[in-house]
Amino acid sequence: MRKSKGMNRKDVLNEIIKAINKVKKTDYKINNIQEDTFIGGDLGVSSVEMLEVIFDIRKALNIKSDQEEVDEIYTMKDGIDYLLKLMGK
């Protein structure tokens, strides 16, 4: 389990990519993904898969929250901002 303290935007982006790769069984690399990449349109992640991605990241980073605002996450930037907010950053 990785600690969420001390994580920067690139670290969070990497965690999102790892979770997407796990859920989608893909092999996206951080150097091919930008903050403006659309998670659904560009990476093919469905809304159900996005819930699983967020759950996996929150579990891996030990983030406890009741917030389920994943329907507002469209781009990698949205996902990074959401997770940083949950981490209190």
Side-chain angles (χ1 to χ4, degrees):
M1 180 180 309
R2 185 169 177 177
K3 301 240 184 208
S4 60
K5 291 189 186 261
M7 291 185 73
N8 61 33
R9 294 185 74 77
K10 187 174 180 178
D11 295 331
V12 175
L13 175 63
N14 196 47
E15 289 297 323
I16 294 171
I17 293 169
K18 285 191 323 190
I20 289 171
N21 284 337
K22 178 183 170 196
V23 169
K24 299 277 305 167
K25 297 180 179 24
T26 54
D27 191 27
Y28 293 116
K29 305 286 188 221
I30 194 166
N31 57 341
N32 296 331
I33 308 287
Q34 306 300 320
E35 284 197 22
D36 63 350
T37 300
F38 281 90
I39 296 171
D42 294 330
L43 304 180
V45 178
S46 72
S47 57
V48 172
E49 290 168 332
M50 191 63 201
L51 288 171
E52 189 174 347
V53 165
I54 294 297
F55 175 81
D56 287 352
I57 294 168
R58 287 172 40 181
K59 184 177 176 185
L61 300 179
N62 197 27
I63 298 171
K64 298 190 183 343
S65 174
D66 294 331
Q67 294 183 351
E68 293 296 338
E69 302 162 357
V70 296
D71 55 335
E72 298 293 320
I73 299 174
Y74 300 104
T75 65
M76 288 301 228
K77 179 186 182 311
D78 297 335
I80 294 167
D81 291 343
Y82 168 80
L83 291 165
L84 287 174
K85 183 174 124 184
L86 291 181
M87 288 185 260
K89 298 184 179 200

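All of these numbers come straight from a predicted model, not from anything done at the bench.
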How long is the straight-line distance from [atom2] of [Y] back to [atom1] of [X], given to the nearest 0.5 Å?
X: Ile57; Y: Asn62; atom1: CD1; atom2: CG; result: 14.0 Å
X: Ile33; Y: Asp42; atom1: CD1; atom2: CG; result: 8.0 Å
X: Ile20; Y: Asp27; atom1: CD1; atom2: CG; result: 13.0 Å
X: Ile17; Y: Asn14; atom1: CD1; atom2: CG; result: 6.0 Å
X: Met87; Y: Asp11; atom1: CE; atom2: CG; result: 8.5 Å
X: Lys29; Y: Asn21; atom1: NZ; atom2: CG; result: 7.5 Å

Do you know the tightest heavy-atom contact between [X] and [Y]?
X: Leu84; Y: Met7; result: CD2-O, 4.3 Å
X: Ile80; Y: Val12; result: CA-CG1, 3.9 Å
X: Ile16; Y: Gly79; result: CD1-C, 3.7 Å
X: Ile39; Y: Met50; result: CG2-SD, 3.8 Å
X: Arg58; Y: Leu83; result: CG-CD2, 4.4 Å
X: Asn8; Y: Lys10; result: OD1-N, 3.0 Å

For residues Tyr82 and Leu86, determine if any side-chain heavy atom of one lies less than 4.5 Å from a side-chain heavy atom of the other.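 A side-chain contact exists here, since the closest heavy-atom pair is under 4.5 Å.
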Assess whether a salt bridge exists between Lys77 and Asp81, defined as any Lys/Arg side-chain N lying under 4.0 Å from an Asp/Glu carboxylate O.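 Judged by the 4.0 Å cut-off on N to carboxylate O distance, Lys77 and Asp81 do form a salt bridge.
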Do you know which of Val23, Val48, Ile73 makes side chain to side chain contact (heavy atoms under 4.5 Å, CB included) with Val53?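 Of all the options given, the one that passes is Val23.
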Tyr28 (side chain) donor-acceptor with Leu43 (main chain) under 3.5 angstrom: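 It does hold such a pair.
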According to a 4.5 Å side-chain heavy-atom criterion applied to Ile, Leu, Val, Met, Phe, Trp and Tyr, with indirect links allowed, do Leu13 and Phe55 form part of one hydrophobic cluster?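 Each belongs to a different hydrophobic cluster.
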Is Leu51 reachable from Phe38 through a run of hydrophobic residues whose side-chain heavy atoms are each under 4.5 Å from the next?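 Cluster IDs for Phe38 and Leu51 differ.
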